[in-house]
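One structure is given below, encoded as C-alpha cells.
What you see below is based on every heavy atom in this structure, not just the backbone, and it leaves out hydrogens, waters and symmetry mates. Each chain gets a letter, A, B and so on, in the order its sequence line appears, and its residues count up from 1. Predicted model, so just to flag it, every value in this text is computed and none were measured.
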Amino acid sequence: MSSSDISSTASVIALAMLSVALVLAFIRLARGPSLPDRVVALDLISILAAGITAVYAIAAEQPVFLDVALVLALISFLGTVAFARYLERQGSR
Amino acid sequence: MNEIVSSALMIIGAAFALLASAGVVRMPDLFTRMQAATKASTLGISCVVFAVAVHFGELGITTRALATIIFIFLTAPVAAHMIARAAYFVGVPLWEQTIIDELHGHYDRRTHKLARPDDPFAVLPMTVDLRRLTGQTVLVGYGRVGRRIGEALIANDVSIVVVEDNREIVEKLRESDVPAVFGNASEPGVLIQAHIHRASMLVIATPDTAEARRMAGIARAVNPRIEIVVRTHTEEDAAALERANAGKAFLGEHELAHTMTRYVLDRYGGAVTHS
C-alpha cells in the first residue's frame with residue numbers, strides 16, 4: 001500500500017466520521033429544546049465544517065482549504081459570541 | 001512516515017469530533033452537553049488541522065495550521081463561557097438529578113454581576129493549610145454540645161472545621177486558629193465552604209432534626225463515603241435519621257443515662273474493692 005493510499009483511505013474514514021458527527025449535531029439543533037441548546041449545536045456544526053474542510057485539504061491535496069477552515073472557525077466564534085450577547089440582553093428563550 | 005502520522009491524527013481528530021456530537025445528543029442538560037461539545041470538538045479539530053500541517057510539511061502551511069489551532073484554543077473557551085453564562089441567566093433548566101447548583105443565589109439577576117458574599121466570615125481564609133482541610137471533621141454547631149466535642153477533638157489533634165451560625169463564636173474560633181465558617185449548614189454552599197468533599201466525618205451538634213437531615217443529605221451527595229454523627233432529642237427522630245441513612249444518631253437522654261449508670265456502677269465497684 002503506497003503512502004498516498006494510506007492518507008486517502010484515512011481521509012475517507014475521517015470524512016465519514018465527521019459526517020456522522022454532523023448529523024448528530026443536526027439532531028440536537030432540531031430538537032433544542034432551548035435556544036442555547038441550538039446555539040451550542042450550531043457552534044458545533046460550524047466547527048465540524050471547519051474539520052471537514054481541513055480533512056478535504058488532505059484528500060484533495062489542496063492546502064488552500066486550510067484558510068477556509070480558519071475562516072469558518074472565526075465565523076463560528078463570532079456567531080456564538082453574538083448569540084450569547086443577544087440572549088443575555090433579551091433574557092428570553 | 002508523515003503519511004501515517006497525519007492519517008492517525010486525522011482519524012483521532014474525527015473520533016473526538018464524533019464523540020463530541022454523541023455527547024451533544026446524549027447528555028441530559030445544556031451544561032453537560034456543552035462540556036462534551038467544547039472539549040472534544042476543540043481537541044478533535046486541532047488534531048485534524050495538525051494532521052494537515054504534518055501532511056504537507058511546509059513552513060507556510062504549518063504556520064497557518066498552528067495559528068488556526070491557537071485561535072481555536074483561545075476562542076472556544078470564551079465562546080463556551082459566554083453561552084453558558086447567558087443560558088444560566090435565561091434560566092435553562094439543570095438536569096433533574098443535579099445535586100448542587102453552587103451559583104444559585106450568587107448572581108444578581110438584574111445587573112448580571114456575581115455577588116460575592118460580603119461577609120469575610122462566610123468563607124474560609126485562604127491562609128488555612130490545605131492539609132487541615134483533608135480528611136478533617138466538619139463540626140456543625142459550636143454551642144453547649146458542639147463546643148465540648150470540638151475542644152475534645154482539638155485536644156486529640158483531630159483537625160476540625162467548625163460551621164456555626166453565630167458570628168461572634170466564629171470570630172473567636174478564628175482568633176484561636178480554628179478554621180470556622182459562618183452560616184447555616186443546611187445551605188449547600190456553607191458545607192462546601194467547609195470543604196465537606198474532602199472531609200472524613202460530619203458531626204452535627206445542632207438540635208434541629210429536619211435541618212440535620214438536610215445537612216446529611218448534602219454531605220452524602222457531595223461525599224458519599226463520609227461518616228455522619230447526629231445529635232437528636234427523641235427516639236422517633238433518631239430512628240428516622242438512621243432509617244434515612246443520615247448517620248449514627250445519638251440521643252441526649254440515652255447518653256446521659258448511660259454515663260450516669262456507668263458512674264453509679266463504678267462507685268459500687270469501687271466500694272466493693274475497697275472493703
Side-chain angles (χ1 to χ4, degrees), chain A residues 2-7 9-11 13-18 20-28 31 33-37 39-41 43-44 47-48 50-52 54-55 57-58 61 63 65-67 69-70 73-74 76-81 83-93, chain B residues 1-4 6-11 13-15 17-26 29-30 33-34 37-38 41-42 44-45 47-49 51-53 55-56 58 60-61 64-65 67-68 71-72 74-76 78-93 112:
Chain A
S2 79
S3 62
S4 65
D5 274 350
I6 295 175
S7 73
T9 315
S11 58
I13 296 170
L15 280 175
M17 286 163 100
L18 287 169
V20 175
L22 210 51
V23 170
L24 292 175
F26 264 113
I27 292 174
R28 181 49 70 197
R31 261 207 229 152
S34 65
L35 184 54
D37 282 301
V39 176
V40 169
D43 186 45
L44 185 61
I47 206 93
L48 286 173
I52 286 174
V55 173
I58 294 178
E61 294 287 335
F65 282 119
L66 191 57
D67 299 333
L70 179 57
L74 177 71
S76 107
F77 171 63
L78 289 179
T80 308
V81 168
F83 261 125
R85 280 192 71 81
Y86 157 76
L87 263 176
E88 217 180 308
R89 288 279 173 78
Q90 291 285 305
S92 68
R93 295 199 200 179
Chain B
M1 185 61 205
N2 273 5
E3 297 301 304
I4 296 168
S6 82
S7 302
L9 278 170
M10 209 153 50
I11 302 283
L18 189 56
L19 277 178
S21 294
V24 164
V25 172
R26 301 262 314 148
D29 73 355
L30 173 76
R33 275 173 214 147
M34 283 192 68
T38 50
S41 72
T42 309
I45 300 311
C47 279
V48 172
V49 173
V52 176
H55 179 83
F56 290 104
E58 287 167 33
I61 295 163
R64 266 184 284 168
T68 311
F71 180 79
I72 291 172
L74 288 181
T75 56
V78 175
H81 169 251
M82 286 194 74
I83 195 73
R85 183 185 146 92
Y88 192 79
F89 282 128
V90 170
V92 172
H112 289 195

Q) Side-chain contact, heavy-atom cut-off 4.5 Å: B:Ser21 with A:Val20? A) no

Q: Sort B:Ile45 into side chain, backbone, both or neither according to what part of it lies under 4.5 angstrom from a heavy atom of chain A.
A: side chain

Q.
Just so I know, are the side chains of A:Ser7 and B:His55 near enough to count as touching, which here means a heavy-atom distance under 4.5 Å?
A. yes

**Q.** Heavy-atom pair count under 4.5 Å with chain A, highest-scoring of B:Glu58, B:Arg33, B:Arg85
**A.** B:Arg33

Q. How about B:Val78 and A:Phe77: do any of their side-chain heavy atoms sit closer than 4.5 Å?
A. yes

Q. Which answer fits A:Ile52, side chain, backbone, both or neither, if we ask what part of it has an atom under 4.5 Å from a heavy atom of chain B?
A. neither

Q) Based on non-hydrogen pairs under 4.5 Å, which of A:Ala73, A:Ala69, A:Pro63, A:Gly51 is most in contact with chain B? A) A:Pro63

Q.
Is A:Val39 close to chain B through its backbone or its side chain, or both, or neither, when contacts mean heavy atoms under 4.5 Å?
A. side chain

Q | chain B interface, residue from A:Asp67, A:Asp37, A:Thr80 that has the most non-hydrogen pairs under 4.5 Å | A | A:Asp37

Q: Report yes if the side chains of B:Leu18 and A:Leu24 come closer than 4.5 Å at any heavy-atom pair, otherwise no.
A: yes

Q) Just wondering, do A:Ile27 and B:Val24 contact through their side chains at under 4.5 Å, heavy atoms? A) no

Q: Output the distance between atom CE (A:Met17) and atom CG (B:Leu19), rounded to the nearest 0.5 Å.
A: 8.0 Å

**Q.** Side chain to side chain, A:Leu66 and B:Ile61, heavy atoms closer than 4.5 Å
**A.** yes

Q. Which bit of A:Ile47 is near chain B, if near means a heavy-atom gap under 4.5 Å: side chain, backbone, both or neither?
A. both

(Q) Under 4.5 Å from any heavy atom of chain B, what part of A:Ser11 do you find: side chain, backbone, both or neither? (A) both

